[in-house]
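Notes to accompany the following structure.
Note on naming: letters A, B, ... go to the chains in the order of the sequence lines (proteins, then strands), and numbering restarts at 1 for each one.
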There are 2 protein chains.
Amino acid sequence: MPSHAHSHKKVIDLEAKSIELLKANGLSVTAPRKMILSLLLKEHGPFSAEEIFKKLPKYSCDQATVYRCLNQFVETQLVNTAYLEKELAHFEFNDPQHHHHHIICKLCKKIDSFHDCILDKIETNLLKKGYKDIQHRLEFFGVCETCQKA
Amino acid sequence: MPSHAHSHKKVIDLEAKSIELLKANGLSVTAPRKMILSLLLKEHGPFSAEEIFKKLPKYSCDQATVYRCLNQFVETQLVNTAYLEKELAHFEFNDPQHHHHHIICKLCKKIDSFHDCILDKIETNLLKKGYKDIQHRLEFFGVCETCQKA
DNA sequence: ATTACTTTGCAAGTAGTTTGCAAAAATATT
DNA sequence: AATATTTTTGCAAACTACTTGCAAAGTAAT
Ligand SMILES: [Mn+2]
Ligand SMILES: [Mn+2]
Ligand SMILES: [Zn+2]
Ligand SMILES: [Zn+2]
């Protein structure tokens, strides 16, 4: 089988998968939403909104549309956010089967990821990987009792 | 002993403690730095830069100075940051003896804190406290091997 | 096809934060 | 204590990431 046909098949699959996910989450199917979601399915990220915008075919949609789509994906939990650099959100497809976290180098900003989810163990593993001067930031988000009543 | 004298003593203690901390961290002692650090020692936070600015005596320093001081405190690790709301940094004094994390209500934005540091246990405890629809975000920060060499 | 509703591009606006620069304050040197 | 050197500050302007109003274009239900 020619590799060209193979990669074309993959694109179709991503598009089909995107359409399915959009519909399943009550979002209408538009060109920008399909493109952005396909991209996040294909490349794992996490990516900033600008990185995503630049990865899209030129002039294919506006940067404001990228932000709007990403916000909708976050609302529907199709996409997760990470705040790794100050003032700059990063986005990636939320695959609950592959829950994971990130480490960013304080100097070169390279982002690495890991699947462990217990803090001491994570820190030991990161030390083994050669990281130094490790810090972490852990925040929880939920709805408090007061707000559940109101 | 009159309570007035007592509270005055406390203020002196905070100022003395601030001066000590500034010097220990190689920062020169200035009025804004003393005021901001004293405030963070007195009230735990976490507070946004604007909240801190508004808590200071009126016209006592510029908002840009508050940002500059907070950034220096973060660099020297006197202060920790939390990114609880999108695009809005929160700051609090970093007391290594009282390592803890935060939960923010998705609706009313009220910030609560807890000292547990293992994820499953934390989530169980938060459920017991009455929170619903809990998510978490955990990021690590460190210096990678490549950057240590360079 | 027609209708009702949603989304988009564009340009302008906003929030939070940073920066250049001259004046003022803090520290080091004499 | 006076002076020199270095650092910090206030102010205004700039900047970055992100959002929004609105008219035109697209989507989806009938
Ligand atoms: Mn990831
Ligand atoms: Mn706290
Ligand atoms: Zn690095
Ligand atoms: Zn609440």
Side-chain angles (χ1 to χ4, degrees), chain A residues 15 18-39 45-76 78-79 81-91 104 109, chain B residues 15 18-39 45-76 78-79 81-91 104 109:
Chain A
E15 171 146 353
S18 299
I19 293 171
E20 190 188 320
L21 284 168
L22 289 172
K23 285 184 178 164
N25 285 274
L27 296 170
S28 57
V29 178
T30 69
R33 300 217 264 235
K34 272 191 292 186
M35 287 191 314
I36 295 166
L37 191 52
S38 295
L39 172 60
F47 302 119
S48 69
E50 202 192 0
E51 283 169 337
I52 291 168
F53 178 65
K54 285 183 177 158
K55 279 171 182 284
L56 296 175
K58 248 188 183 175
Y59 313 120
S60 61
C61 85
D62 194 86
Q63 198 154 357
T65 301
V66 174
Y67 279 105
R68 280 192 276 230
C69 291
L70 288 171
N71 286 344
Q72 290 150 353
F73 295 167
V74 171
E75 271 166 41
T76 55
L78 272 168
V79 159
T81 42
Y83 287 86
L84 294 150
E85 295 183 62
K86 212 190 221 181
E87 304 178 72
L88 185 57
H90 283 78
F91 302 86
I104 183 167
K109 310 293 178 193
Chain B
E15 171 147 351
S18 299
I19 292 171
E20 189 188 319
L21 285 169
L22 288 172
K23 286 183 177 165
N25 286 274
L27 296 170
S28 58
V29 179
T30 69
R33 299 217 264 235
K34 273 191 291 186
M35 286 192 315
I36 294 165
L37 191 51
S38 295
L39 173 60
F47 301 118
S48 69
E50 204 193 359
E51 283 168 339
I52 291 167
F53 178 64
K54 285 184 177 160
K55 278 170 183 286
L56 296 174
K58 248 188 182 173
Y59 313 120
S60 60
C61 84
D62 194 86
Q63 198 155 355
T65 301
V66 173
Y67 279 105
R68 280 192 276 230
C69 292
L70 288 172
N71 286 344
Q72 290 149 353
F73 295 166
V74 171
E75 272 166 40
T76 55
L78 272 168
V79 159
T81 43
Y83 288 86
L84 295 150
E85 294 183 63
K86 211 192 222 178
E87 300 179 73
L88 185 55
H90 282 78
F91 303 85
I104 183 167
K109 311 294 178 192

Could you list the donor-acceptor pairs under 3.5 angstrom formed by side chains in residues 49-62 of chain B, with sequence neighbours left out?
residue: B:E50; atom: OE2; partner: B:K54; partner atom: NZ; Å: 3.2
residue: B:E51; atom: OE1; partner: B:S48; partner atom: N; Å: 2.7
residue: B:K55; atom: NZ; partner: B:E43; partner atom: OE1; Å: 2.8
residue: B:S60; atom: OG; partner: B:P57; partner atom: O; Å: 2.6
residue: B:D62; atom: OD2; partner: B:A64; partner atom: N; Å: 2.8

I need the [atom1]-[atom2] distance between [X] and [N], as an integer number of Å.
{"X": "B:F91", "N": "C:dT17", "atom1": "CZ", "atom2": "P", "result": "6 Å"}
{"X": "B:E75", "N": "C:dT18", "atom1": "CD", "atom2": "P", "result": "10 Å"}
{"X": "B:L70", "N": "D:dT9", "atom1": "CG", "atom2": "C1'", "result": "15 Å"}
{"X": "A:M35", "N": "C:dT7", "atom1": "CE", "atom2": "P", "result": "16 Å"}
{"X": "B:K34", "N": "C:dT27", "atom1": "NZ", "atom2": "C1'", "result": "14 Å"}
{"X": "A:R33", "N": "C:dT6", "atom1": "CZ", "atom2": "C1'", "result": "8 Å"}
{"X": "B:I36", "N": "D:dT8", "atom1": "CD1", "atom2": "C1'", "result": "12 Å"}
{"X": "B:L22", "N": "D:dT7", "atom1": "CG", "atom2": "P", "result": "16 Å"}

- prompt: How bent is the helix from C:dA1-D:dT30 to C:dT30-D:dA1, comparing axes over its five end pairs at each side, to the nearest 10°?
  reply: 40°
Using atom types as modelled, flag every donor-acceptor pair under 3.5 Å from a side chain in residues 27-35 of chain B to any protein atom, sequence neighbours excluded.
residue: B:S28; atom: OG; partner: B:R33; partner atom: NH2; Å: 2.8
residue: B:T30; atom: OG1; partner: B:R33; partner atom: N; Å: 3.4
residue: B:R33; atom: NE; partner: B:S28; partner atom: O; Å: 3.1
residue: B:R33; atom: NH1; partner: B:Q72; partner atom: OE1; Å: 2.9
residue: B:R33; atom: NH2; partner: B:S28; partner atom: O; Å: 3.3
residue: B:K34; atom: NZ; partner: B:E15; partner atom: OE2; Å: 3.4

query: How does each nucleotide of nucleotides 10-17 of chain D score, in 5' to 3' order, for protein heavy atoms under 4.0 Å: base (B), sugar-phosphate only (S), or none (-)?
result: BB-----S
field: A:I104 side chain near A:H90 side chain, heavy-atom distance below 4.5 Å
entry: no
message: Could you work out, with side chain to side chain contact (heavy atoms under 4.5 Å, CB included) as the rule, every residue matching A:T81, not counting sequence neighbours?
response: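 Here the qualifying residues are A:V74, A:Y83, A:F91, B:R137.
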- prompt: If you measure from CG on B:L22 to CD1 on B:I36, what distance do you get to the nearest 0.5 Å?
  reply: 10.0 Å
More than 12 heavy atoms from other groups under 6.0 Å of NZ on B:K109: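 Yes, the 6.0 Å shell around NZ holds more than 12 heavy atoms from other groups.
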Under 3.5 Å, N/O pairs linking protein and nucleotides 23-30 of chain D:
residue: D:dA28; atom: OP1; partner: A:V29; partner atom: N; Å: 3.1

- prompt: Distance check: side-chain N/O of B:N71 vs OP1/OP2 of C:dT17, anything under 4.0 Å?
  reply: no
